[in-house]
Amino acid sequence: APREYLYTDRAAYQPGQRVHWRAILRSVVAGAFAFEEGQSWRIELSDPAGRGVHEERGALSSFGTLCGTFDLPAEAASGTWSMTLEDKNARRITHAFLVEPYRLQRAELVLTPDRQVYYRGEPIELEVSARWYWGEPIADARVGYALPDGLQGELFTDAEGRGRIRFDSRELLEQGTYSFSATLMEEGVGGEAVVHLATRGYQAELALARDVVLAGETFTITLATQAPDGKPVTADMRLAILRRESTRGGGWAEVAVAAHTLTTDARAGQARWTGAIETGGSYILRAQGDDRFGNPIVASVALTVSGAEDALALRWLIDDTDVDVGEKLALALNNRAGAGLALLTFHAERVLGYRILELGEGLNTIELAVEHAHYPAFAASIAALRGTRFHHSSAAFAVERRLALEIHPAEATVAPGGRTKVELVVRDQTGAPVVAELSLAVVDEALYELFPDGAPPLEAFFAAHDESMASSAVTPSSA
């Protein structure tokens with residue numbers, strides 16, 4: 001489906017102010033984003049009653065965008081205004097913004113917990129900071145606050161505009177997220193903070209470079225342990241290697257093959273075990289331990305060991321299926337079908353390329369340079385005919401194209417009415433400079449306290465669509 005991102009430089013305006021807007025418009029062709037430069041669009045501005053106030057036409061730029069400005073009437077009605085874009089095929093995109101008289105807040109109140117995560121029974125402490133938006137602290141300010149248990153209190157800030165809130169977490173019975181709020185009484189400005197109350201000392205995760213290895217192949221498993229706040233923590237855990245075997249009743253049993261003790265380090269919270277499994281089959285690797293409260297901590301990961309009895313004669317052995325444009329891949333393919341010719345195809349919604357290969361018995365390495373044509377996803381499929389048997393296998397890849405944007409203001413502080421310069425630097429994922437079209441808005445920070453920006457993050461908006469195209473563009477398989 002097409003993807004449209006229409007936004008204004010802020011969420012709210014006063015009558016008579018200028019509205020800056022921009023639209024990024026994309027269609028989907030052959031599984032990738034596309035646009036038609038010069039495509040004509042009708043642009044309309046409507047008031048809260050739905051009456052058209054302004055209309056014009058625009059053409060897509062060489063970057064697939066439209067942009068412009070509207071000057072709101074001095075007598076503009078308060079309420080939700082909207083702008084609509086429409087092409088010749090009746091494809092419509094609408095964006096709403098608010099118009100009303102308002103007064104920006106002069107002050108800001110910020111609540112900052114000493115930690116984001118506490119264990120039940122520990123005292124929760126937060127710092128309260130009051131300042132004017134031009135940077136000066138607000139000393140001796142009366143601040144009212146509300147605690148998670150419903151109780152309220154007051155404090156006065158010191159000469160630096162700061163104060164402290166302390167709360168006994170023994171009053172909280174369950175694990176979860178709890179809110180603290182405060183109000184700067186004379187200005188009517190509020191602030192809020194949340195903390196997480198944890199009951200488990202740490203969590204664990206097992207990770208493999210890939211979930212398929214060859215029988216006898218050396219592999220490494222990594223155990224990571226972290227506290228509820230995400231920081232690494234040391235822990236002792238037992239790693240069990242279990243082979244899954246079918247039972248007569250049609251179920252599965254776990255047979256212990258080996259066991260090892262792992263201790264994660266305090267600096268990175270990681271430990272590794274390197275070894276090999278000689279017998280093919282389906283395995284579970286499971287780490288078990290106990291936290292300081294006596295709670296059991298368990299982490300598991302599945303592993304397939306491909307041996308001589310493996311029904312898949314062609315098997316990809318891929319460490320990482322998330323790749324970047326410009327990356328050079330060395331793809332490993334294990335061949336038990338026998339030496340001979342094979343057809344290698346790179347495809348998405350269409351064939352991107354193919355090769356005729358001479359496969360050797362055992363492990364083969366296939367090189368590929370990831371190009372823009374592979375974005376946002378592709379599959380590598382190998383097929384071979386040996387006698388009367390047809391063998392094939394596919395592996396799916398997600399491809400990323402990233403832009404790194406840097407903003408360098410010439411000055412950190414500018415006087416009201418002053419002029420300054422801002423340098424923008426755009427590079428691709430390889431660090432090479434990129435020709436790009438950008439929008440830059442300068443907005444009073446206090447406006448976002450009254451009217452937060454509701455536009456979704458641009459990168460996440462299009463990345464989510466990339467993922468949906470990636471999942472539908474390729475279907476990995478083996479036979």
Side-chain angles (χ1 to χ4, degrees), residues 2-26 35 38-61 63-88 90-108 132-134 187-190 405 407 409 414-422 424 436-458 461-462:
R3 202 69 164 162
E4 306 94 9
Y5 192 91
L6 174 59
Y7 63 100
T8 49
D9 58 338
R10 54 185 197 250
Y13 303 84
Q14 301 201 62
Q17 288 187 330
R18 175 166 290 182
V19 178
H20 298 267
W21 63 271
R22 184 169 181 256
I24 305 172
L25 307 172
R26 296 292 184 268
F35 62 88
Q39 181 185 16
S40 180
W41 288 77
R42 183 179 66 85
I43 303 143
E44 182 180 27
L45 177 67
S46 302
D47 67 11
R51 295 184 294 262
V53 175
H54 176 81
E55 183 176 325
E56 61 182 87
R57 299 200 71 85
L60 279 187
S61 72
F63 291 91
T65 62
L66 294 167
C67 63
T69 59
F70 296 120
D71 288 323
L72 294 171
E75 67 283 359
S78 296
T80 301
W81 287 58
S82 63
M83 58 176 300
T84 302
L85 307 184
E86 185 176 20
D87 69 1
K88 63 181 180 180
R91 176 181 169 193
R92 293 170 60 89
I93 306 102
T94 302
H95 174 76
F97 57 87
L98 192 64
V99 176
E100 67 175 47
Y102 56 80
R103 184 175 70 88
L104 295 179
Q105 298 173 353
R106 302 186 304 162
E108 178 185 37
W132 301 110
Y133 265 113
W134 52 86
E187 295 293 326
V189 175
L405 174 61
I407 303 177
V414 182
R419 298 179 66 85
T420 189
K421 292 182 179 181
V422 177
L424 305 176
E437 180 187 275
L438 306 171
S439 64
L440 175 66
V442 180
V443 182
D444 193 320
E445 183 183 3
L447 181 70
Y448 289 121
E449 292 293 330
L450 295 175
F451 309 103
D453 184 6
L458 182 61
F461 181 82
F462 283 98

Open item on the list: For Phe451, give me all partners under ring-ring contact (aromatic ring centres under 6.0 Å, His included), at least two apart in sequence or on another chain.
Closed with: Tyr102
Task: Gln14: side-chain hydrogen bond (donor to acceptor under 3.5 Å, both in side chains) partners, not counting sequence neighbours - done: none
Task: Qualifying residues under ring-ring contact (aromatic ring centres under 6.0 Å, His included), relative to Tyr7, sequence neighbours excluded - done: Tyr5
Task: Test salt bridge (charged side-chain N to carboxylate O under 4.0 Å, His left out) applied to Arg22 - qualifying residues, sequence neighbours left out - done: Glu437
TODO: Sort and list the pairs that fulfil salt bridge (charged side-chain N to carboxylate O under 4.0 Å, His left out) and have at least one residue in residues 69-82, not counting sequence neighbours.
DONE: Arg18-Asp71
TODO: Applying side-chain hydrogen bond (donor to acceptor under 3.5 Å, both in side chains), name anything that partners Glu4, two or more places apart in sequence or on another chain.
DONE: Arg91
Task: Pairwise side-chain contact, Pro101 with Ser78, heavy-atom cut-off 4.5 Å (strictly under) - done: yes
Open item on the list: According to side chain to side chain donor-acceptor pair (under 3.5 Å), does anything in residues 48-60 pair up with another residue at least two apart or in another chain? List the pairs.
Closed with: Ser40-Arg57, Asp47-Arg51, His54-Glu56
Open item on the list: Checking Glu108 now: which residues fulfil salt bridge (charged side-chain N to carboxylate O under 4.0 Å, His left out) with it, not counting sequence neighbours?
Closed with: Arg131
Open item on the list: Is it the case that the side chain of Arg26 and the backbone of Gly64 share a donor-acceptor pair, with hydrogens and angles ignored and the cut-off at 3.5 Å?
Closed with: yes
Sequence neighbours left out, cut at 3.5 Å: what donor-acceptor pairs do the side chains of residues 79-86 make with other protein atoms?
residue	atom	partner	partner atom	Å
Trp81	NE1	Ala77	O	2.9
Glu86	OE1	Arg42	NH2	2.8
Glu86	OE1	Arg92	NH1	3.4

TODO: For Tyr13, check side chain to side chain contact (heavy atoms under 4.5 Å, CB included) against everything at least two apart and list the hits.
DONE: Thr8, Asp9, Arg10, Gln17, Val19, Leu72, Phe97
TODO: For Asp87, check side-chain hydrogen bond (donor to acceptor under 3.5 Å, both in side chains) against everything at least two apart and list the hits.
DONE: Gln39
Task: side chain to side chain contact (heavy atoms under 4.5 Å, CB included) partners for Ala59, two or more places apart - done: none
